[in-house]
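Taking it in order: structure first as structure tokens, then the write-up.
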Amino acid sequence: MQDKKIHQGRNIRRFREMLNIKQETLADDLNCSQQKISLLEQRETIEKGMLEKIAGIMNVPVEALERLEEEQAFNIIANTFNNSSLSIMNDTVNNTYHPVDKLLQLHEEKIALYERMLKEKEEIMAKLEEYLRK
């Protein structure tokens, strides 16, 4: 039987990067230094309390950070929006919830925010053009 390769620090880094969160931002939210985040991401195992804090900040299930095997993490991130990744994650977190669904929801929220900002910009540009014509 093959040993499971779970590296919690790498899982934190992968999810952080996938969510486009900088180490400095995560450090600020945890009231620590960027160097501490860098060191945490190098550690194979991390204390449960710290994992819970990080998971809460990144809005991902703590189980995804603590139990996700390296190969599964790679597959999920490589195929983030692929249905097969949902089944991998489902097995990983004991059928409790789908972390990728949560990530999809966050991604959709970011797209909606971007679209609203773009619409506001277009409205402002139209008003400026109208003002310049007068």
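No experiment lies behind these values; they were computed from the predicted model shown. In this chain, numbering begins with 1 at the start of the sequence shown.
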Distance-only donor-acceptor pairs under 3.5 Å for side chains of residues 32-42, two or more places apart:
from, atom 1, to, atom 2, distance (Å)
S33, OG, K36, N, 3.1
Q34, NE2, Q23, OE1, 2.3
E41, OE1, R16, NH2, 3.2
E41, OE1, Q23, NE2, 2.9
E41, OE2, R16, NE, 2.6
E41, OE2, R16, NH2, 3.3
Q42, NE2, S38, O, 3.4

Please table the atom pairs, donor to acceptor, closer than 3.5 Å between any side-chain atom in residues 47-56 and protein atoms at least two apart or in another chain.
from, atom 1, to, atom 2, distance (Å)
E47, OE2, R43, NH2, 2.5
K48, NZ, E66, OE1, 3.3
K48, NZ, E66, OE2, 3.0

Distance-only criterion, 3.5 Å: show the donor-acceptor pairs between side-chain atoms of residues 125-132 and protein atoms not counting sequence neighbours.
none

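Identified under the side chain to side chain donor-acceptor pair (under 3.5 Å) test for residues 108-120, with sequence neighbours left out: Q105-E109.
The hydrophobic cluster containing L113, built from Ile/Leu/Val/Met/Phe/Trp/Tyr side-chain heavy atoms closer than 4.5 Å, also comprises M117.
Partners of D28 by side chain to side chain contact (heavy atoms under 4.5 Å, CB included), not counting sequence neighbours: none found.
From D29, atom CG reaches atom CD1 of I21 across 8.0 Å, with rounding to the nearest 0.5 Å. Within the model, atoms CD of E17 and CD1 of I12 stand 12.0 Å from one another, a figure rounded to the nearest 0.5 Å. Between the CG atom in L30 and the CD1 atom in I57 there is a gap of 3.5 Å [rounded to 0.5 Å].
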Dump the intermediate steps for side-chain contact (heavy atoms from CB on, under 4.5 Å) on M18 and R14, then the final yes or no. CA-CA 6 Å; M18 188 168 44; R14 285 183 182 106; over 6 Å; no
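Between L65 and M58 the shortest heavy-atom distance is CD2-CE, 4.1 Å.
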